[in-house]
Amino acid sequence: MKRHAIIPVFIPHEGCPNDCVFCNQKKITARQEPVNVIKEIETYLSTLRDADLDTLEIAFFGGSFTGIPIEKQSEYLKIAKDYKDKGIVDKIHLSTRPDYINEEILDNLKKYSVDVIELGVQSFDDEVLKLSNRGHDSKIVYEASKLIKDYGFTLGIQLMVGLPGDTLERDIYSAKETVKISPSIARIYPTVVIQDTVLYDMAKNEIYTPLSQEDAIQRTRKMYEILDDAGINIIRVGLKSSDIISDEGDILGGTFHPAFRQLVEGEIAKEILEPQFEDGKDYVIYGNSKWINNAAGNKGKNRKYWQEKYPRSTFTFKTDDNLKDKEYVVD
């Protein structure tokens, strides 16, 4: 199995012109010191230098990288390029907004050997974008994506599930539009309502209703399957706990879960396996080391479900790393 690691460098919110309803980074940024890029990189390298990795990336996240002054972009990128030129890292990776992509910006990113550009698209539905105060419509997403691919960068698309005005149909539409653009990588995030955001106030005032955890799982599962079937590499599903950047850590609703990806992939595994079972028979389920855990489900969720549904059966899960992802043998 190929081993890949990212050195994340969080760039404060200075590059983002907007106050999206779900974001609290500006308030957090006001209390942060300027980022020391070399220190951040060296801290991670101290634990990764002997890790026998196939690929190591420096990735600039947070805010919108290409929205900061181009001189500051160049200052950060020059540091990253030095590590790449020395062969210490393999790729340079950044995330930004679709409306902060143009030829001048991309020329500069090429100059500093950037490899991967992720666009925080969130939704392809114009009403959802408007209600989320994104500050642009969907047209700019198609234009920016084409320009990025024309320049030869690896394109990534980030989508959010359950934004204001969102529906299952709109989520599916966003996934299908993503397939049309054909990025190499994608991320899917259920909307998490974080303290110190407009969305938090909207939820408190009952203007917005957060998704339940089950609804978030099922919507994300459908989007995941659309992207996965198209061969798009889904590199993240759900937020990490470190992404919840509220001092008090106060969030509303049930969409945040530290193992959200496994909850989604567990539902996919259940969907694959369910038609093969009937009560009164005993089953041994084989899958590779990643997906056998998904077959059993997070904290044994699927195992418990099947044991209750088929009380006269037994279910045993065994690892077979000769099998591919989402490939199971049931004996």
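Remember, predicted model here, so these are calculated numbers, not experimental data.
By the 4.5 Å heavy-atom criterion applied to side chains, Arg134 and Arg97 are counted as neighbours. In this structure, Thr43 and Glu40 have side chains that are not in contact, with every pair of non-hydrogen atoms separated by 4.5 Å or more. Side-chain contact between Val121 and Tyr142: absent, with no pair of heavy atoms (C-beta onward) separated by less than 4.5 Å. Residues Val128 and Met160 are not in side-chain contact: their nearest non-hydrogen atoms beyond the backbone lie 4.5 Å or more apart. Ser74 has its side chain within reach of Asn108: a pair of non-hydrogen atoms, C-beta onward, lies under 4.5 Å apart. Side chains of Leu77 and Phe60 form a contact here, defined as non-hydrogen atoms less than 4.5 Å apart. Between Thr220 and Met223 the shortest side-chain heavy-atom distance does not fall below 4.5 Å. A 4.5 Å side-chain heavy-atom check between Lys149 and Ser182 finds at least one atom pair inside the cut-off.
A salt bridge (Lys or Arg N to Asp or Glu O under 4.0 Å) with Glu265 is found for one member of Lys326, Lys290, Arg221, Lys270 and no other, namely Lys290. In summary, of the residues considered (Val114, Thr96, Asp115, Ile92), a side-chain contact (heavy atoms from CB on, under 4.5 Å) with Leu109 occurs for Val114 alone. Of the residues Arg219, Lys222, Lys176, the one that meets the side chain to side chain donor-acceptor pair (under 3.5 Å) test with Asp171 is Arg219.
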Notebook entry, point to check: Does the salt bridge (charged side-chain N to carboxylate O under 4.0 Å, His left out) test come out yes or no for Arg312 and Asp279, once each step is laid out?
Noted result: CA-CA 6 Å; Arg312 294 184 296 117; Asp279 201 13; 3.5 Å; yes

* Intermediate values then yes/no, side chain to side chain contact (heavy atoms under 4.5 Å, CB included), Gln262 and Glu267 -> CA-CA 8 Å; Gln262 190 182 35; Glu267 286 298 302; over 6 Å; no

Note to self: Is there a side chain to side chain contact (heavy atoms under 4.5 Å, CB included) between Ile148 and Leu119? Walk through the geometry before answering.
What the structure shows: CA-CA 10 Å; Ile148 288 167; Leu119 293 181; 3.8 Å; yes

Notebook entry, point to check: Where do Phe10 and Phe61 land on the ring-ring contact (aromatic ring centres under 6.0 Å, His included) test, with the steps shown first?
Noted result: CA-CA 5 Å; Phe10 182 82; Phe61 294 133; 9.1 Å; no

Check your understanding: Going through the checks in order, is the side chain to side chain donor-acceptor pair (under 3.5 Å) test met by Asp90 and Thr55?
Key -> CA-CA 6 Å; Asp90 303 290; Thr55 308; 5.0 Å; no

In sequence, state the C-alpha distance, the side-chain angles, and the governing distance for Tyr189 and Val161, and then conclude on side chain to side chain contact (heavy atoms under 4.5 Å, CB included). CA-CA 6 Å; Tyr189 299 120; Val161 184; over 6 Å; no

List the steps and the verdict of side chain to side chain contact (heavy atoms under 4.5 Å, CB included) for Tyr328 and Leu323. CA-CA 7 Å; Tyr328 297 104; Leu323 297 173; 5.9 Å; no

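With hydrogens and angles ignored, the 3.5 Å screen pairs no side-chain donor or acceptor of Lys309 with any backbone N or O of Glu278. Between the Ser123 side chain and the Asp125 main chain, a donor and an acceptor come within less than 3.5 Å of each other. Remark: side-chain polar atoms of Thr314 are not paired, donor with acceptor, to backbone N or O of Asp282 under 3.5 angstrom. Remark: the backbone N or O of Asp201 is paired with a side-chain donor or acceptor of Asn205 at under 3.5 angstrom. Not a single donor-acceptor pair under 3.5 Å links the side chain of Glu271 to the backbone N or O of Ile268. Judged purely by atom type and a 3.5 angstrom limit, Ser313 uses its side chain to pair as donor or acceptor with the backbone of Lys281. Put simply, the side chain of Asn294 never gets that close to the backbone of Gly297: no donor and acceptor are under 3.5 Å apart. One N or O on the side chain of Asn102 and one on the backbone of Glu104 form a donor-acceptor pair closer than 3.5 Å. The closest donor-acceptor contact from the side chain of Asn133 to the backbone of Val21 lies at 3.5 Å or more, if one exists at all. A distance-only check finds a donor-acceptor pair linking the side chain of Asp321 to the backbone of Ser289 [under 3.5 Å].
When every heavy atom of Gly120 is checked against every heavy atom of Pro98, the shortest pair comes out as O-CD, 3.6 Å. For Pro164 against Ser132, the heavy-atom pair with the smallest separation is CD-OG, 3.6 Å. Gln122 approaches Leu163 most closely through the heavy-atom pair CB-CD1, 4.0 Å. Considering all non-hydrogen atoms of both residues, Gly162 and Leu211 come closest at CA-CD1, 3.6 Å. Of all heavy-atom pairs between Ala175 and Leu227, the closest is O-CD2, 3.6 Å. When all heavy atoms are compared, the tightest approach of Ile101 to Ala144 is CB-CB, 3.9 Å.
Taking the six-membered ring for Trp and thresholds of 30 and 60 degrees, Trp306 and Phe277 have ring planes more than 60 degrees apart, a perpendicular arrangement. Ring pair Phe315/Tyr283 is parallel by interplanar angle, where below 30° counts as parallel and above 60° as perpendicular.
Between Asp150 and Lys146, at least one side-chain N (NZ, or NE/NH1/NH2) sits under 4.0 Å from a carboxylate O, which counts as a salt bridge. A salt bridge between Arg170 and Asp166 is absent, with no side-chain N of the basic residue lying under 4.0 Å from a carboxylate O of the acidic one. In this structure, Glu57 does not pair ionically with Lys84, as no charged nitrogen and carboxylate oxygen lie closer than 4.0 Å. A salt bridge is defined here as a Lys NZ or Arg NE, NH1 or NH2 lying under 4.0 Å from an Asp or Glu carboxylate O, and Glu127 with Lys130 fails to meet this definition.
Taking CD of Glu118 as the reference point, atom CD1 of Ile157 lies at 9.0 Å (rounded to 0.5 Å). Considering CD1 of Ile181 and CD1 of Ile232, their distance stands at 9.5 Å, rounded to 0.5 Å. Taken to the nearest 0.5 Å, the OH atom of Tyr173 stands 15.0 Å off from the CG atom of Leu168. One distance of note links CG of Leu159 with OG1 of Thr178; it measures 4.0 Å at 0.5 Å rounding. Once rounded to the nearest 0.5 Å, the distance linking CD1 of Ile234 with CZ of Arg261 reads 6.5 Å. In this structure, CZ on Arg187 lies 10.0 Å from CG on Asn233, to the nearest 0.5 angstrom.
When only modelled atom types and interatomic distance are considered, His257 and Gln213 share no side-chain donor-acceptor pair under 3.5 Å. With 3.5 Å as the limit, one finds no donor-acceptor pair spanning the side chains of Asn288 and Asp320.
For Lys78 and Tyr112, the positive end is not near the middle of the six-membered ring at less than 6.0 Å and at most 45° from its axis.
The hydrophobic clustering, which links ILVMFWY residues whose side-chain heavy atoms are closer than 4.5 Å, places Val116 and Ile188 apart. Ile272 and Val330 fall within the same hydrophobic cluster, defined by Ile, Leu, Val, Met, Phe, Trp and Tyr side-chain heavy atoms under 4.5 Å apart, directly or through other members. Linking ILVMFWY residues whenever their side-chain heavy atoms come closer than 4.5 Å, directly or via other members, leaves Leu239 and Ile185 in distinct clusters.
No close placement of the Tyr200 and Phe22 rings is indicated, their centers lying 6.0 Å or farther apart.
Around atom NZ of Lys301, more than 12 heavy atoms belonging to other residues, nucleotides or ligands sit under 6.0 Å away.
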